[in-house]
Peer 1: 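Please see the structure below; I have some questions.
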Protein chains: 2
Amino acid sequence: MSRKLVLAAAQLGPIQRAEGREVAVARMVALMETAHRRGADVVVFPELALTTFFPRWYEEDLTNADHWYETALPSNATAPLFEAARKFNIGFHLGYAERTPDGRRFNTAVYVHPSGEVVLKYRKIHLPGHSEYDPTRTVQHLEKRYFEVGDLGFPVVRAPIGNAGPVNIGMMICNDRRWPEAWRSLGMQQVELVMLGYNTPSLNMENRGFEAHHLRVFHNHLSIQAGCYQNACFGVGVAKAGTEDGHELFGHSIIVNPSGEIMAQATSWDDELIVAEADLDMCKLGRTTIFDFARHRRPEAYGRILASAGSEAPEEWAPKS
Amino acid sequence: MSRKLVLAAAQLGPIQRAEGREVAVARMVALMETAHRRGADVVVFPELALTTFFPRWYEEDLTNADHWYETALPSNATAPLFEAARKFNIGFHLGYAERTPDGRRFNTAVYVHPSGEVVLKYRKIHLPGHSEYDPTRTVQHLEKRYFEVGDLGFPVVRAPIGNAGPVNIGMMICNDRRWPEAWRSLGMQQVELVMLGYNTPSLNMENRGFEAHHLRVFHNHLSIQAGCYQNACFGVGVAKAGTEDGHELFGHSIIVNPSGEIMAQATSWDDELIVAEADLDMCKLGRTTIFDFARHRRPEAYGRILASAGSEAPEEWAPKS
């Protein structure tokens, strides 16, 4: 059996604060239709795909922010995505803000089977930014305020996509991609396809000392390419891009193969669909040779990775003479 | 105080089997003299820098291979390196095959202070290849035969280099660079400078199925650049390069900054010295913001990284309907 899949990354242009979910959803349905015309088996939408990236605004009382969160999927507003999935026989990945019945808040992503059933849910673990208003920043990045740390670990599940038979599917969200621990946690479960959405500001560190802004897209790609290579998997990294409520988010969504090569790249800062054919058998080479974990990994030497969150200063060398 | 250092990577061209250590050492001393003229504070030599890459040949009885190993540093053959270090006031990193007094064998690297004192020793942990003769390979890669797994962990030490004051120094060797666990183990100790040497065949997988040979240098760079970015450190990756006893090793030695950028790159397959000025204060930015480990890492979600060496297949999804 061929293990070939057509992967689609559905980059979204900006979604303004004044726009409702129905605006975003209509654009996403149009992208799903394009994906169908390109023969895609799965389409990946960005993180927090239904609204503007609201963690850039401080909110004293989070109950005033409830309108940013979804309490059910599908809802009236998101039902058209599920209908399009069924109609086009396409699975889709969606990032959204989740509020649970008991009032917990997560930055969440789901992979939805064409039937409409949720196959896998992930809640973002590496929340960037801060939880309190930071007067040194001209733009806030309050993910640690708006969301709890995800409580589902880094799950991988084996589920059918298209005609490729079962595929080992994992997810991460935005900042997770910079952390090799996230990639490895998926790699330890033989992940073959990592779906990840992001909302990444082009400028993030104003008034906070030097940062090489021109390298931010490079860092994004470097992390995804290294993660795919070192874990022998495909990655679909999808941006919300462009100037959203006056704040620029970079694009450059990519589809990456297990060699770490970029197979497709978005070049606009707007709604844009890119596709690539992935031969899942490519995951085998790394996994059975240079990255044959059982043969080459040495967990007994990795203790520091779990021993603490923070780093420790090394000992000072004292010359003998 | 300025924390600027001039780093030098001293790539070596091939060392043929017929050549003695004195040939290699003379070339290395010449490179140290060049490093001195370029104002270098530290010079990094490759893995197994004193001899040909002997793990490409099978040897039934390892006692017949004792001549490849060093039993003392300095020895008569290596003393000129230590003399040059003192004369030029340059610290140096040297990779070599180590045989201990009790007969253990390691793929080892040391960082030597200009005074000649060994500051830090590391023994390679991620040994690639295999331990028995593999008839499917046209070229053997018998590191698992010639060496034990390193028993010193991933040490980092804070020691003075040049006029930059104390620097957090760590090392890895060749294949280690592909493993994010190795980088992170150093990063957890606030490493600022990673020295690493390699001997990497341009063709490694003959008769073992498809490998994208043209990507091997890319994979090398990708791993080093990601490791430096994700751990906010400088990296000096140094090759033994060229056609050695009929077998091609790739070059492309690089010096990388904490943004993951390549600051200098060797472009020959021969002895070649490249230098770059490193401002160690650059390590602070990542460490205090996006990669502030204490604030952002989530070890409670990383359990799988230590739980086993090998990966585990994920559960199969069963549709509800």
Side-chain angles (χ1 to χ4, degrees), chain A residues 113 115 117 119 125-126 128 149 153-154 156-159 166 168 178 180-181 184-185 187-190 205 208-212 215 218-219 222-223 225-226 229-230 259-261 285 289-290 293-294 296-299 301-302 304-306 308-317 319-321, chain B residues 113 115 117 119 125-126 128 149 153-154 156-159 166 168 178 180-181 184-185 187-190 205 208-212 215 218-219 222-223 225-226 229-230 259-261 285 289-290 293-294 296-299 301-302 304-306 308-317 319-321:
Chain A
H113 188 268
S115 69
E117 193 178 328
V119 172
I125 286 179
H126 295 98
V149 172
F154 290 104
V156 174
V157 73
R158 186 162 175 78
N168 299 350
R178 303 184 198 271
E181 294 92 342
R184 185 62 95 220
S185 297
M188 291 300 290
Q189 300 168 79
Q190 303 176 8
M205 313 256 289
R208 300 174 60 222
F210 174 79
E211 190 203 30
L215 297 178
F218 166 64
H219 290 157
L222 178 63
S223 297
Q225 292 178 268
Y229 166 59
Q230 292 170 336
S259 255
E261 291 174 286
L285 181 78
T289 58
I290 204 162
F293 290 173
H296 299 308
R297 289 183 80 248
R298 296 289 164 196
Y302 307 155
R304 283 195 183 85
I305 294 171
L306 257 69
S308 62
S311 62
E312 237 184 313
E315 276 186 38
E316 194 111 13
W317 174 72
K320 293 201 181 83
S321 44
Chain B
H113 188 268
S115 70
E117 194 180 325
V119 172
I125 287 179
H126 295 98
V149 172
F154 290 103
V156 174
V157 73
R158 186 163 175 77
N168 299 350
R178 304 184 198 270
E181 294 91 343
R184 185 63 95 220
S185 296
M188 291 301 290
Q189 300 168 79
Q190 303 176 7
M205 311 255 289
R208 300 173 62 223
F210 174 78
E211 190 204 30
L215 297 177
F218 165 65
H219 290 157
L222 178 63
S223 296
Q225 293 178 267
Y229 166 59
Q230 291 170 336
S259 256
E261 290 174 286
L285 181 80
T289 58
I290 204 163
F293 290 173
H296 299 308
R297 289 183 80 248
R298 297 287 164 198
Y302 306 155
R304 282 195 184 85
I305 294 171
L306 256 69
S308 62
S311 62
E312 237 183 312
E315 274 185 41
E316 194 110 11
W317 174 72
K320 292 199 185 84
S321 43

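All chains are named by letter (A, B, ...) in the order of the sequence lines, taking the proteins before the strands, and each is independently numbered beginning at 1. Only this structure's heavy atoms are used, side chains among them; waters, hydrogens and symmetry mates stay out. Small disclaimer: the values here were computed from a predicted structure and weren't measured.
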Peer 1: Give me the atom names and distance for the closest heavy-atom approach of B:G260 to A:F218.
Peer 2: O-CZ, 3.4 Å
Peer 1: Which pair of heavy atoms, one from A:G187 and one from B:S311, lies closest together, and at what distance?
Peer 2: O-CB, 3.8 Å
Peer 1: Shorter than 4.5 Å, heavy atoms on both sides: which option in A:R304, A:E181, A:E312 has the most such pairs with chain B?
Peer 2: A:E181
Peer 1: Taking A:E315, A:Q189, A:E261, A:H113 one by one, which has the highest count of heavy-atom pairs under 4.5 Å against chain B?
Peer 2: A:Q189
Peer 1: Using a 4.5 Å cut-off on heavy atoms from C-beta on, say whether the side chain of B:R297 contacts that of B:Y302.
Peer 2: yes
Peer 1: Which of the residues B:P314, B:P319, B:A226 is involved in the greatest number of heavy-atom pairs with chain A at under 4.5 angstrom?
Peer 2: B:P314
Peer 1: Counting heavy-atom pairs closer than 4.5 Å to chain B, which one of A:P180, A:G153, A:A301 comes out on top?
Peer 2: A:P180
Peer 1: Among A:P299, A:G310, A:A309, A:S308, which residue forms the greatest number of heavy-atom pairs with chain B at distances under 4.5 Å?
Peer 2: A:A309
Peer 1: For A:S115, which atoms come within 4.5 Å of any heavy atom of chain B: side chain, backbone, both, or neither?
Peer 2: neither
Peer 1: Among B:H296, B:Q230, B:R158, B:K320, single out the residue with the greatest number of heavy-atom pairs under 4.5 Å to chain A.
Peer 2: B:R158
Peer 1: Taking side chain as everything from C-beta outward and backbone as N, CA, C, O, which of these in B:Y229 sits under 4.5 Å from a heavy atom of chain A? Side chain, backbone, both or neither.
Peer 2: side chain
Peer 1: Taking it one step at a time, do A:Q190 and A:F293 satisfy side chain to side chain contact (heavy atoms under 4.5 Å, CB included)?
Peer 2: CA-CA 10 Å; A:Q190 303 176 8; A:F293 290 173; over 6 Å; no
Peer 1: Give the member of A:V156, A:N168, A:L306 that has the highest number of heavy-atom pairs under 4.5 Å with chain B.
Peer 2: A:L306
Peer 1: Evaluate the criterion side chain to side chain contact (heavy atoms under 4.5 Å, CB included) for residue pair A:H126 and A:R178; output intermediate values, then yes/no.
Peer 2: CA-CA 9 Å; A:H126 295 98; A:R178 303 184 198 271; over 6 Å; no
Peer 1: Given a strict heavy-atom distance threshold of 4.5 Å, which part of A:P128 is in contact with chain B: side chain, backbone, both, or neither?
Peer 2: backbone
Peer 1: Quick check on the interface: out of A:R298, A:Q225, A:H219, who has the most heavy-atom pairs with chain B under 4.5 Å?
Peer 2: A:H219
Peer 1: I need the minimum non-hydrogen distance between B:V149 and B:I125, along with the two atoms involved.
Peer 2: CG1-O, 3.7 Å
Peer 1: Please classify the contact between B:L215 and chain A as side chain, backbone, both or neither, with a heavy-atom cut-off of under 4.5 Å.
Peer 2: side chain
